[in-house]
Structures are given as structure tokens and as C-alpha cells.
Amino acid sequence: MTVETRSLTDELTEIVGAAHVLTEQELISGFVTDWTRRWTGHTAAVVRPANTDEVSAVLAACHRAGAAVVPQGGNTGLVGGSVPMHGEIVLSTVRLNRIDRVDPVGRTIDAGAGVTVAEAQRAARHHGLDFGIDLASRDSATMGGIVSTNAGGIRMIKNGNTRAQLLGVEAVLADGTVFTRWKELTKDNVGYDLPGLLAGAEGTLAVITRVRMKLVVPPRATKVALVGVESVGGALEFVDTLQRSGLSLEAAELMTRSGIDLVQHHKSLRAPFAEDTPFALLVEVSGQADAQQLLLDALTAGESVIVDAAIEDGPAHRLWNYRESHTEAVGAVSTTPPVKLDISTPLREIESFLAELTVRMRDAFPGVRAICFGHIGDGNIHVNLLDVADDQREAVTDMVLRLVARHDGSISAEHGVGRAKAPWIGLGRTPVDLQLMRSIRSALDPAGILNPAILPSNPQP
Ligand code: 2HG
Ligand code: ZN
């Protein structure tokens, strides 16, 4: 440890207390490795401030010392955006875990950045409402984390992304200045949308400490159908049929036979269908009292593309389990940390993208297994590549992301850029766009101490 680091650690200890500056290896190991175990960094200290004032003092101290800082929520990110790869101080939001208020009239929730998505959901449900974002990592993912990555999740098709839920934000700039825009207005056009700018900034512009988010009225009842289809085109056709049927589409998720097989074995589940189909679509719908009938009508109308279907009343955990266990099963089964490429394409391109991907993978990387699944209604596919040798990671990522770009897609749909995609950011944004991002960044953090290794650093064309 250097002399400067030691004195910074002392200063941080004065601010948050000795119990909340972690320096010992066994205490910090969970903060320096990401969920996928692909990214492991190192740090002199993990700091856990209890409130905004402490976050401000911590950042001011780091700023004075010229020490870089990586903010971290539940550490469930999948692009290595919240691990200290270059020895940055880790600022954990775990203690910013208070829900200050749920307003059932204005339908808003005020929550600390470290409140988990599941806690926000529970608080909202207590008032007959719900939080509009849901994702498999709900028990660990935090409000600050989902805002910072602008997470999408399984309800995005109904409620929009995290940015769309965000009304107000309290955040601390790199030098310790506290920025607050704390309105509960859905219409408020006074100048730039700064909360919206912080959403998706991946902790590079400020550390979010509190958020005011919209809540939604939940559907009174839902039906879930797991539908076996022959093709991606068939799945999209059925989604379209549902959207035109008078039902409200709550979720639309695509899986492949190989993904379902993997989950089935990993979780010891029964096969969902009597007959094997190359793709499965999980849909959740809500509607009036006749939702069951409308769903059956839609399934009948979709007969030409549907091979088999199972229907259950929501929440239908049994059916959702096939979809929600994909990440865990992939992580457990792959012999190497999976290469996780969260991408999106226009709906018209999904089928050709996946077909081309299959052929290219087979030809160029025969030992690599590709498991693709995701939020098909949003054009968002999670390309998970298993058993990728270390010396193949870059080449396979490059191949997939270039293919995405050729299909008019985005190299990051909902997980962020992080470290995993940083070298390819030029595939998604023009040089002028990147320059504007850099200007914004240096306006807010001229010394470049907030998560300096990401967004937008050194793109390769
Ligand atoms: C999901 O949709 C998450 O389940 C994780 O975004 C996706 O593991 C993944 O690639
Ligand atoms: Zn997802």
C-alpha cells in the first residue's frame, strides 16, 4: 500500500467509520470480481457510506487524492462495469438502503440507491401497486444499479426501460457536489433531462444516491403461456397476434431448444412440451375476464406456427423457471466464464441474425456452444457463448458484434458497455457522438475519477 493510499484510507475511515472501510482480502473479494467471474480486479478499499453526505465526503476525499472510484450496487452486472480493474476505490451503495416513501396517489417510490429491486417491488405491492422493472436478479440488483445501466428486464415491453420510470434523482458528482432534481412530475420540460442522462451512464458521470421512480398499477390477473414454435418468425408472428387480440402483453421471451435442455438438466425439470420444438416463446398476458378465452383464440389463430403450448395462471413460476434459470444454468455448465453479449436488432432482423450467427459459429468456432435467449418483443437477444477458450474471447466477441452491426443492431441493449464492450463502442456510435459523450463526461468529471476505464474509452473501428 502506498503512503498516499494509506492516508486516503484513514480519511475514508474518519468519514464512514472503520467498520465500513474494508481492506482485508477476504472481505473485499466479493466486490472485486463480477458475477460471471470473468472480471477480477483489485482495490485498496471498499467504502460503504451510509448516506448522501458521506458519499459526498468520500468522493471529495478521493478527488483531492486523485484516486479513481468505481461505484457498485448489487454487483450483478454482466459487462464488468462495476469492478475495480485498475485498483480503483470501490464505493458500495449497500448501506443506502432506505425506502423513504411510497406515494400511492402520485404512484411514486423514493428509494436509496442500495434498495434492491425486490424490496422496491414489495413496498409497492403493499400499496396495491408495482414497480415497473423486473429482472431475474431482483433480489440483489439495486435501484442505483438499474438506473446506472438503464436496465430493461422482462416487463420492458409493457412499462418501458428504467429511464422511463425515473422522475427524480439525487447524485454526487466526482468532486463531492450534490446534484438533486427531486420532482414527481411526469411533465416537466425545464431544460435538459439530467436524471435521464445519468440513467445508463454506468457510474461515469455521478454516483446516484437516491431515486424517485414511477410505480405502475399491476394487472389484476395474468395468464402465462409457454409456446413451442418452429421458427423465430413464427414466434414474432404470434407476438403480433397477441398484441392485436385485445390482450395486454406483459412479457414476451424467446428461448431455444438447447437453452431449455440446459435449464431442464441443471434444474431437474420436466420437458415443457410433449414434442420437441426448435424455439419456445414465453408470453404473459393480461386482459378482462375473458383473457383465457382471448389467449386460446390467439393460440388457435396462430396454429400454423405453433406446435405445442402450456398455459398457467400468473405468476406461473413453474413456466417462468425455464426462462429465468438460463443465466444460472449457463454459468454453471460452461467450462469457462461465458462470453455474454447482450444485443438488440430491429424485429425484422432477429431471425436472419440468429440464423447467420449459428452458421458462423459452427464454421469459425466449432467448440463453442451458443445459447441465445431474451426479450424478443424488444428485439433484445442475450447471446451467451459457452466453453470459449481464453485466446478466442476477443475474436468471437468481435465476430458477433460486427454481425450485430451489419443487422442494424446495438452492441448493448440493456446490460451496458462496461469493460466487456468498451473496445467495440465505435460499432454503435459515430465519432461525433463519442466526442459529445467525452465532452459531457469531462464537464461533469474533469479530473476523470469516476469509473475512468469505461465509456467511451479508445474505440476500435
Ligand atoms: C436476463 O434477461 C438477463 O435474464 C441476463 O438480462 C441475461 O444472462 C444473460 O445473458
Ligand atoms: Zn435480459
Side-chain angles (χ1 to χ4, degrees), residues 34-39 73-82 116-118 132-142 145-163 200 202 250-256 258-260 262-263 266-267 280-284 317 319-334 336-345 350 354 357 368-388 393 396-397 400-401 404 409-421:
D34 79 319
W35 189 90
T36 66
R37 311 222 158 269
R38 161 75 180 94
W39 307 94
N75 199 12
T76 58
L78 297 173
V79 289
S82 63
T116 66
V117 171
I133 300 295
D134 193 18
L135 64 184
S137 55
R138 59 183 74 79
D139 290 315
S140 313
T142 60
I146 65 165
V147 171
S148 293
T149 51
N150 187 27
I154 54 183
R155 305 286 164 198
M156 177 164 162
I157 195 160
K158 175 82 181 290
N159 301 322
N161 58 18
T162 304
R163 185 180 287 122
E202 300 185 46
E250 303 282 328
E253 300 287 319
L254 183 78
M255 289 161 276
T256 61
S258 43
I260 297 231
L262 205 74
V263 168
H266 178 66
K267 302 291 274 189
L281 176 70
L282 187 148
V283 288
E284 183 155 357
H317 294 303
L319 293 181
W320 267 106
N321 205 8
Y322 289 102
R323 166 62 180 89
E324 293 212 311
S325 299
H326 267 65
T327 301
E328 179 192 321
V330 160
V333 165
S334 180
T336 56
V339 172
K340 297 178 91 63
L341 302 172
D342 155 53
I343 63 93
S344 63
T345 73
I350 297 183
L354 286 173
L357 178 70
V368 173
R369 272 186 291 172
I371 302 287
C372 297
F373 59 95
H375 319 288
I376 189 175
D378 308 317
N380 179 188
I381 300 293
H382 299 308
V383 178
N384 277 248
L385 304 173
L386 289 66
D387 310 329
V388 183
R393 298 188 77 91
V396 78
T397 302
V400 176
L401 298 185
V404 169
S410 169
I411 63 158
S412 173
E414 62 167 5
H415 293 170
V417 175
R419 275 157 190 85
K421 312 261 183 73

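Read the numbers this way: they start at 1 and go in the same order the structure lists the ligands and their atoms.
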What are the atoms of ligand 1, with element, lying closer than 4.0 Å to any heavy atom of L78?
-> 5 (C), 8 (O), 9 (C)
Donor-acceptor pair, S258 side chain versus I371 backbone, under 3.5 Å?
-> no
Within the side chain of E202, is there an N or O that forms a donor-acceptor pair under 3.5 Å with the backbone of V417?
-> yes
Counting backbone and side-chain atoms alike, does E414 have an N/O/S atom under 2.8 Å from the Zn ion (ligand 2)?
-> yes
Rounded to the nearest 0.5 Å, how far does CG of L341 lie from NE2 of H382?
-> 11.5 Å
D134/R138 salt bridge by N-O under 4.0 Å criterion | yes
Is it true that a side-chain atom of N380 and a backbone atom of I343 form a donor plus acceptor pair closer than 3.5 Å?
-> yes
Side chain, backbone, both or neither: D342 near ligand 1, heavy atoms under 4.0 Å = neither
Working for side chain to side chain contact (heavy atoms under 4.5 Å, CB included), residues V404 and V383 | CA-CA 11 Å; V404 169; V383 178; over 6 Å; no
Best match, V330, T36, T76, T327: closest heavy atom to atom 9 (C) of ligand 1 = T327
Does E414 use its side chain to pair, donor to acceptor, with the backbone of G153 at less than 3.5 Å?
-> yes
Side chain, backbone, both or neither: which part of L135 has a heavy atom under 4.0 Å from ligand 1?
-> neither
Report the name of the N/O/S atom of H382 located nearest to the Zn ion (ligand 2).
-> NE2
Checking R38 side chain against P337 main chain: does a donor-acceptor pair fall under 3.5 Å?
-> no
Check each atom of ligand 1 against the heavy atoms of H375 and keep those under 4.0 Å away; list them by number with element.
-> 2 (O)
Heavy-atom distances under 4.0 Å are what count here, so tell me which part of H326 touches ligand 1: side chain, backbone, both or neither.
-> neither
Could you tell me whether E324 approaches ligand 1 through its side chain, its backbone, both or neither, with non-hydrogen atoms closer than 4.0 Å?
-> neither
Relative to the heavy atoms of F373, which atoms of ligand 1 are at a distance of less than 4.0 Å?
-> 7 (C), 8 (O), 9 (C), 10 (O)
Mind checking whether F373 and H326 have parallel, tilted or perpendicular rings, split at 30° and 60°?
-> tilted
Sub-4.0 Å atoms of ligand 1 with respect to non-hydrogen atoms of R323 | 1 (C), 2 (O), 4 (O)
For E414, atoms of ligand 1 separated by under 4.0 Å from a heavy atom = 2 (O), 6 (O)
Any N, O or S atom of H415 closer than 2.8 Å to the Zn ion (ligand 2) = no
Test L385 against V400 for side chain to side chain contact (heavy atoms under 4.5 Å, CB included), laying out the working first.
-> CA-CA 10 Å; L385 304 173; V400 176; 4.1 Å; yes
For atom 6 (O) of ligand 1, find the nearest protein heavy atom and state the residue, atom name and distance (0.1 Å precision).
-> H415 NE2, 2.7 Å
Any donor-acceptor pair under 3.5 Å from S410 side chain to S344 backbone = no
Protein contact of atom 10 (O) of ligand 1 - nearest heavy atom, named by residue and atom, plus distance = N384 ND2, 3.0 Å
Among N, O or S atoms, H375 approaches the Zn ion (ligand 2) most closely through NE2
For K340, the ligand 1 atoms with a heavy-atom partner under 4.0 Å come out as 8 (O), 9 (C), 10 (O)
